[in-house]
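Below: one structure, written as structure tokens.
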There are 2 protein chains.
Amino acid sequence: MSVTIKKIAKDLDLAVSTVSKALRDSHEISAETKARVFEHAAKLDYIPNPYASSLKKGRSGNIAVVLPEVADSFFSAAINGIDSVAHEKGYHTMVYLTHEDIQREQSIVREFRNGRVDGVLMSIVANNAKYEHLRELCASDVPLVFFDRVCEEIPTASVITNDFESGYIAAQHLIEKGCKYIVFLSMPGELAIIKHRQNGYQQALQDHGMQPCIIYCTDSEDENIAILDKLLTGENKPDGIIGSIEKITIPVYTVCHSRNIPIPSAIKIIAFSHLQIAALLNPPLTTIAQPAFEMGKAAATILFKTLAKKYDLKDEKIVIPSVLMMRASTHTD
Amino acid sequence: MSVTIKKIAKDLDLAVSTVSKALRDSHEISAETKARVFEHAAKLDYIPNPYASSLKKGRSGNIAVVLPEVADSFFSAAINGIDSVAHEKGYHTMVYLTHEDIQREQSIVREFRNGRVDGVLMSIVANNAKYEHLRELCASDVPLVFFDRVCEEIPTASVITNDFESGYIAAQHLIEKGCKYIVFLSMPGELAIIKHRQNGYQQALQDHGMQPCIIYCTDSEDENIAILDKLLTGENKPDGIIGSIEKITIPVYTVCHSRNIPIPSAIKIIAFSHLQIAALLNPPLTTIAQPAFEMGKAAATILFKTLAKKYDLKDEKIVIPSVLMMRASTHTD
DNA sequence: GTGAAAGCGCTAACAC
DNA sequence: GTGTTAGCGCTTTCAC
């Protein structure tokens, strides 16, 4: 096995406790002894066993990040933001993917209740109304911070973007560009962020005396293509589309291309997306871009604040606004 | 604190060792006792402390994934592949981002040598020829598997794609499409995968009696735009471009769009990229797509094989071929 | 200023 | 079949 405090103590003819204190630069150890210990530790390339000390101190030095999927560029950026804070604080980041599966989320979260991680950052699965496992996690005193996809029934901190307002802005943008029949592509389930975007959309249409129309997509890209193909080649075609989440973008463009539906002249498209490459699409896609990196960073910052000095998370609600990136899919000039 | 074996033992008037064995379904415990233990453990919602047992058994149940950056879609897909195996094996995944910084890579890897993780999956930073930290990691008996970006000086397992051949195929594809002056966009440094792609490119050009031309890009998107703008508006313009890594794609398209250089008539573009959305670019981008998910999965599979039963990693070299996705940026029809 | 000892939660000999 | 004991590597009283 590798080099331990015991070995250093033996080599220098000291007690393990002395070495332990010296390594932690305790004031009760003489400068001379500290110097000897440090030197010998460096020579042997001593690296402390993190889990031995975690067992003693009751903290692991790890945090968990729980995500529905990482393929989505939003979550990549969020992990970057989280890691930027965690690394600075000397914490290690464990990543868990739920793949939108509530059972998987439950079994993952369950394990957090016995010391593997000191805190949890989480974006919950869609299409679900179960949250007993989250309640239990909080009851176990493991701090939990939601970001992006929050569970509003759990009283803890959250970092979100202004989804209602963004939904309103997206709809208003299409209305200003002359759209008369705007469809909102939604996802089934209880996901708060989509609900809020949808409500913003509905409010905007109502404010302009227009009739909302919600279409529900699924998790299958093939099914979504079929749904959209039917919508865009049917009787009552929309002239504006709002994609409520990033992955709906690809099927929309795919159908418009395959059916030769010109964007933006026949139909204008705006999507909630974080993709930088949206600017290079054919045509460039107007997006509502979420501040993913900043949200991850803010969520991690809150978590480390409570890890450093416990305080009540439930009043910590941060809203970081999304940004409308106007491009050619809604805009002729 | 939370419920421990000790508490269960006390409640049931048993010894801790009996409870421990019962929970692990040991044959030396009576069915009746096991039943009592299981029932009581379930009732108290007992969750074992992973680091207590790891301290004892010398394994943490965690693996590390070390990546240069996670924003790139390749690495998102790779993490998915890794997680799919790790989750099945009951392991937990820790993610570390080096941001292409060798010092950060060194300090991260150093910490792996004392039990925090049982094994490491790694894609090394570019632009670097230091690997003493990797050698030390291997010397500490922590199994290391490279994927995608390997360090060839370290004798351990690796999962890569056929980079030389792909570079050759990319060049050949452009030659077949009529290109006479093909530029290869490279990155400075020692990165093996780029070197191999570049060598394949050079071989193809040589085989066709053509003169290779390598242009080195940087980590700055602005600088790359300047470099490409100069190249594409200068004296001696190329009629074919090969982008050696995904992130070079955006500046190439940006410059072509801003300078009104038509693709593919004036210039044909092919890029090494994993982006699905390449099909929606303007025009759709021909790519050499790496099997990111499969590579991550294969690398993780090798790691768990050696964690289950130690064997010599150094002869395990897996090559998973990339796929040419022919699209309109190289192809008129 | 240094050391001895207890113990974090769990496992694994080795008794009985 | 069950219990006792020692100990993984480290921290932390508490003696000296």
Side-chain angles (χ1 to χ4, degrees), chain A residues 1-38 40-41 44-62 90 111-118 140-141, chain B residues 1-38 40-41 44-62 90 111-118 140-141:
Chain A
M1 213 25 208
S2 51
V3 32
T4 67
I5 280 191
K6 206 179 194 170
K7 164 118 179 81
I8 297 177
K10 197 176 155 199
D11 287 0
L12 300 178
D13 218 10
L14 290 168
V16 285
S17 56
T18 309
V19 175
S20 172
K21 285 175 197 158
L23 288 170
R24 324 191 82 244
D25 207 16
S26 163
H27 53 273
E28 41 179 332
I29 302 297
S30 71
E32 190 203 354
T33 304
K34 278 185 196 168
R36 286 177 64 214
V37 170
F38 278 124
H40 196 62
L44 296 187
D45 202 10
Y46 168 73
I47 304 167
N49 180 317
Y51 298 135
S53 76
S54 95
L55 187 59
K56 189 70 197 165
K57 300 202 288 191
R59 345 171 290 109
S60 64
N62 298 329
E111 278 210 62
F112 295 155
R113 287 193 283 138
N114 227 325
R116 192 178 290 266
V117 298
D118 299 339
S140 314
D141 263 346
Chain B
M1 215 23 207
S2 50
V3 33
T4 66
I5 280 192
K6 206 178 192 170
K7 164 115 178 79
I8 297 177
K10 196 175 155 201
D11 287 1
L12 298 179
D13 218 11
L14 291 169
V16 284
S17 58
T18 309
V19 175
S20 173
K21 285 174 199 158
L23 288 170
R24 324 190 83 245
D25 207 14
S26 162
H27 54 272
E28 42 179 334
I29 302 296
S30 73
E32 191 203 354
T33 303
K34 278 186 197 167
R36 286 177 64 213
V37 169
F38 278 123
H40 197 60
L44 295 186
D45 202 10
Y46 168 72
I47 305 167
N49 180 316
Y51 299 135
S53 77
S54 96
L55 187 58
K56 188 69 197 168
K57 300 202 287 191
R59 348 170 287 109
S60 64
N62 297 329
E111 279 210 62
F112 295 155
R113 288 192 282 137
N114 227 324
R116 193 178 289 266
V117 296
D118 299 338
S140 314
D141 263 345

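Between A:Leu14 and A:Thr33, some side-chain heavy-atom pair lies under the 4.5 Å cut-off. Counting only heavy atoms from C-beta outward, the side chains of B:Tyr46 and B:Ile5 approach each other to under 4.5 Å. With a 4.5 Å cut-off on side-chain heavy atoms, B:Leu12 and B:Val37 count as touching. A heavy-atom distance below 4.5 Å is found between the side chains of B:Ile29 and B:Thr18.
Applying the 4.0 Å criterion to OP1 and OP2 of D:dC8, one finds that B:Ser54 has every side-chain N and O outside that range. Under 4.0 angstrom from either OP1 or OP2 of D:dC10 there lies at least one side-chain N or O belonging to A:Tyr46. Contact between the side-chain N/O atoms of B:Ser20 and the OP1/OP2 oxygens of C:dT11 is found at a separation under 4.0 Å. Checking the phosphate oxygens (OP1, OP2) of D:dT2, no side-chain nitrogen or oxygen of B:Ser17 falls inside 4.0 Å. Within the 4.0 Å cut-off from OP1 or OP2 of C:dG3, at least one side-chain nitrogen or oxygen of A:Thr18 is found. Between A:Arg59 and C:dC8, a side-chain N or O to OP1/OP2 separation shorter than 4.0 Å is absent.
B:Ile5 has its CD1 atom 15 Å from the C1' atom of D:dT4, to the nearest Å. Distance B:Asn114 CG to D:dC8 P: 14 Å, rounded to the nearest Å. Summarising the geometry, the separation between CD1 on B:Ile47 and P on C:dC10 is reported as 11 Å, rounded to the nearest angstrom. Atom CG in A:Asn49 sits roughly 7 Å away from atom P in D:dG9 (whole-Å rounding). One atom, CG of B:Leu12, and another, C1' of D:dG3, lie 15 Å apart when rounded to the nearest Å. Following rounding to the nearest Å, B:Lys10 (NZ) and D:dT2 (P) show an atom-to-atom distance of 21 Å. In this structure, A:Leu55 places its CG atom 9 Å from C1' of D:dC8, rounding to the nearest Å. As a whole-Å value, the separation of A:Ile29 CD1 from D:dT13 C1' is 14 Å.
Looking at B:Lys21, its side chain comes within 3.5 Å of the base of D:dG3 through a donor and an acceptor atom. For A:Lys56 and D:dG9, a side-chain-to-base donor-acceptor distance below 3.5 Å is absent, hydrogens and geometry of angles not being considered.
With DNA chain C read from its 5' end, the first of the two nearest nucleotides for A:His27 and A:Val16 is the one closest to A:His27. Toward the 5' end of DNA chain D, the nearer of the two residues A:Glu28 and B:Asp13, judged by each one's closest nucleotide, is B:Asp13.
The B:Ser30 side chain lies nearest to D:dT2 when the options are D:dC10, D:dT2, D:dG3.
With values rounded to the nearest 0.5 angstrom, B:Asn49 atom CG is found 11.0 Å from A:Tyr51 atom OH.
Counting any heavy atom pair closer than 4.0 Å across all strands shown, B:Lys6 reaches sugar-phosphate atoms only and no base atom.
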